[in-house]
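Whatever order the structure lists ligands and atoms in, that order sets their numbers, starting from 1.
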Amino acid sequence: MEINTRIKYLVALLCSVNLVQCDPVWDNINCFPQYPEDTPIGEWLFNLTATTSIPNDNLIFSAGNILTVDLVNLTEPWSSGTDKYTVGVVLIKELDRDFTPNPKLLQFDVKDSGDTVSRSCELIVLDVNDNAPIFRNLPYTPKVPEDISVGSVIFGNISVYDPDTSLGGTFTVAMKDDPNNAGVFTLNWTPGSGTASINLLSPLDYEQRNSFTIIIIATDGMGLVNTAEIIVTVEDVQDTPPYFLQPVYRAAIPEHSPPDSSVIKLYAEDGDRGIPREIRYRLVEGNSEFFRVEALTGMVYQKVSLDRDDDEMREINGVFDLVVQAYEVNALPPENATTNVTVTVTIEDINDNAPTFNTSTTYTAYVREDTPSDSLIYFDGEGYMRVFDLDQVNVVLSS
Ligand SMILES: *[C@@H]1O[C@H](CO)[C@@H](O)[C@H](O)[C@H]1NC(C)=O
Ligand SMILES: *[C@@H]1O[C@H](CO)[C@@H](O)[C@H](O)[C@H]1NC(C)=O
Ligand SMILES: *[C@@H]1O[C@H](CO)[C@@H](O)[C@H](O)[C@H]1NC(C)=O
Ligand SMILES: *[C@@H]1O[C@H](CO)[C@@H](O)[C@H](O)[C@H]1NC(C)=O
Ligand SMILES: *[C@@H]1O[C@H](CO)[C@@H](O)[C@H](O)[C@H]1NC(C)=O
Ligand SMILES: CC(=O)N[C@H]1CO[C@H](CO)[C@@H](O)[C@@H]1O
Ligand SMILES: [Ca+2]
Ligand SMILES: [Ca+2]
Ligand SMILES: [Ca+2]
């Protein structure tokens with residue numbers, strides 16, 4: 001065995017039983033390097049030197065904690081004096097001051113045949129204005145009832161900050177001019193404050209417009225800009241009654257149609273288009289003995305069979321005026337939203353009665369044989385033949 005190697009093993013043996021002090025020793029230099037956030041990857045940050053107490057021994061350098069492994073790489077060590085070695089520390093990741101703890105507590109280990117000895121360095125990261133102002137609480141998607149009063153805060157959750165220092169950490173907040181939103185909103189921001197709100201300047205109307213996009217601009221003291229969108233959804237408020245598709249409904253049904261014949265179907269919709277309510281129908285005026293309305297469907301039915309030729313019907317010319325109401329389901333008190341519509345139903349005559357002569361007996365007339373042609377002939381009794389027809393269609397006589 002070579003003499004140097006023998007000495008080395010002897011010392012190592014004595015070290016292992018603690019007979020001599022033989023740990024490696026770091027050069028006791030201050031280690032507080034300062035680098036800005038934009039230091040390029042690959043930058044050689046600093047050198048560390050250690051000396052082994054075991055003659056001719058090798059030194060092995062390594063990163064001593066996860067943060068150090070993450071941030072830097074160590075070069076191959078090189079000899080820089082008797083039993084003295086130096087290692088370079090090289091940056092392998094972008095430095096950040098704004099979102100992670102600073103300074104960075106780096107730790108390094110050095111080991112020889114004896115023990116491992118650690119030392120630390122505080123890497124101080126200097127700020128660069130590398131962030132535009134940042135919006136918090138995103139996304140900004142307020143939902144606003146259309147009847148909210150002018151002047152109200154419609155969104156108060158805008159929060160802005162800038163993690164940089166000094167001028168780069170200050171900012172202003174403004175609302176982008178938008179002709180589409182002219183005069184509708186205003187931004188409420190106090191300089192120096194990290195919060196802002198949007199107030200309403202003029203009334204909203206869901207039927208007219210149900211969505212607005214507002215652009216908010218934040219600019220830091222060194223000119224970095226960020227924007228955020230506020231998407232305002234206008235919500236429908238139940239403020240419009242139902243409407244019928246037709247202003248009036250007319251229907252005709254032949255007389256003697258069987259009971260429960262359908263007459264006409266009505267249709268109404270909620271005037272509030274956002275969350276339209278279901279519609280029900282009911283008969284509120286007109287003859288409910290003869291007609292009914294199906295609540296769910298709006299179908300008008302005739303309840304009984306009708307005779308166009310009876311006295312009551314002749315009196316009204318076979319025409320019924322009904323009023324049907326459409327009303328919203330779950331309409332809130334105090335008043336239900338309702339709409340009325342007039343439904344005119346005509347009972348159509350059909351020719352279902354034979355004409356009758358106004359006598360049960362035969363007509364008798366006496367005619368002289370010299371009566372000239374085209375003379376009137378008078379019957380016995382009243383003299384005329386009377387004919388009756390219950391139907392509303394004209395009677396045609398023929399001989
Ligand atoms: C590290 O040491 C080498 C060799 O002595 C030298 O060239 C270099 O400048 C040193 N680097 C730093 C950052 O001190
Ligand atoms: C770190 O250094 C070692 C050798 O010194 C090299 O092989 C490796 O690629 C380096 N890693 C990075 C991320 O630069
Ligand atoms: C404001 O933002 C916070 C955080 O995102 C959220 O929990 C809260 O619901 C928001 N409030 C409104 C009114 O949007
Ligand atoms: C209002 O609507 C409710 C639910 O549809 C209904 O039960 C009630 O009868 C309605 N009231 C009036 C006065 O129309
Ligand atoms: C509908 O008709 C009913 C019965 O005549 C009446 O009480 C109600 O006020 C009317 N509703 C509307 C909206 O005209
Ligand atoms: C059977 C019948 O209806 N007879 C009538 C015919 O018309 C005369 C005059 O209008 C009546 O007096 C009869 O009763
Ligand atoms: Ca920064
Ligand atoms: Ca900034
Ligand atoms: Ca008839």
Just say parallel, tilted or perpendicular for the rings of F244 and Y249, cut-offs at 30° and 60°.
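It falls in the perpendicular class, over 60°.
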
Say whether, by atom type as modelled, one donor and one acceptor occur between the side chain of [X] and the main chain of [Y] under 3.5 angstrom.
{"X": "R277", "Y": "Y327", "answer": "no"}
{"X": "N199", "Y": "G151", "answer": "yes"}
{"X": "N317", "Y": "V319", "answer": "no"}

May I ask you to check if any N/O/S atom from D130 comes under 3.0 Å of the Ca ion (ligand 8)?
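Not a single backbone or side-chain N, O or S atom of D130 is under 3.0 Å from the Ca ion (ligand 8).
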
N, O or S from N131 under 3.0 Å to the Ca ion (ligand 8):
yes

Would you say I347 and F320 make side-chain contact, with heavy atoms under 4.5 Å?
yes

Degrees at the Ca ion (ligand 8) between the O atom of G168 and the OD2 atom of D220, nearest 10°:
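The O/OD2 angle about the Ca ion (ligand 8) sits at 90°.
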
Vertex the Ca ion (ligand 8), arms to D164 OD2 and N129 OD1, rounded to 10°:
70°

As a quick check of understanding, evaluate side chain to side chain donor-acceptor pair (under 3.5 Å) for Y281 and E294, giving each step before the final call.
CA-CA 7 Å; Y281 306 85; E294 198 167 67; over 6 Å; no

Work out which heavy atom in F291 is nearest to a heavy atom in Q302; give both atom names and the distance.
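Heavy atoms only, the tightest pair is CD2-CA, 4.0 Å.
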
With a cut-off of 4.0 Å, which atoms of ligand 5 are near a heavy atom of N340?
1 (C), 2 (O), 3 (C), 8 (C), 10 (C), 11 (N), 12 (C), 14 (O)

Number the atoms of ligand 5 from 1 as they appear, then name those within less than 4.0 Å of a heavy atom of E285, with their elements.
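Those qualifying, in numeric order: 4 (C), 5 (O).
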
Residues in the immediate environment of ligand 1 (any heavy atom closer than 4.0 angstrom):
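For ligand 1, the contacting residues are W44, L45, F46, N47, W78.
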
Output the distance between atom CG (L204) and atom CG (N210), rounded to the nearest 0.5 Å.
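Reported to 0.5 Å precision, the distance equals 10.5 Å.
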
Please collect all salt bridge (Lys or Arg N to Asp or Glu O under 4.0 Å) contacts where either partner lies in residues 26-42, sequence neighbours excluded, each pair once.
D27-K84

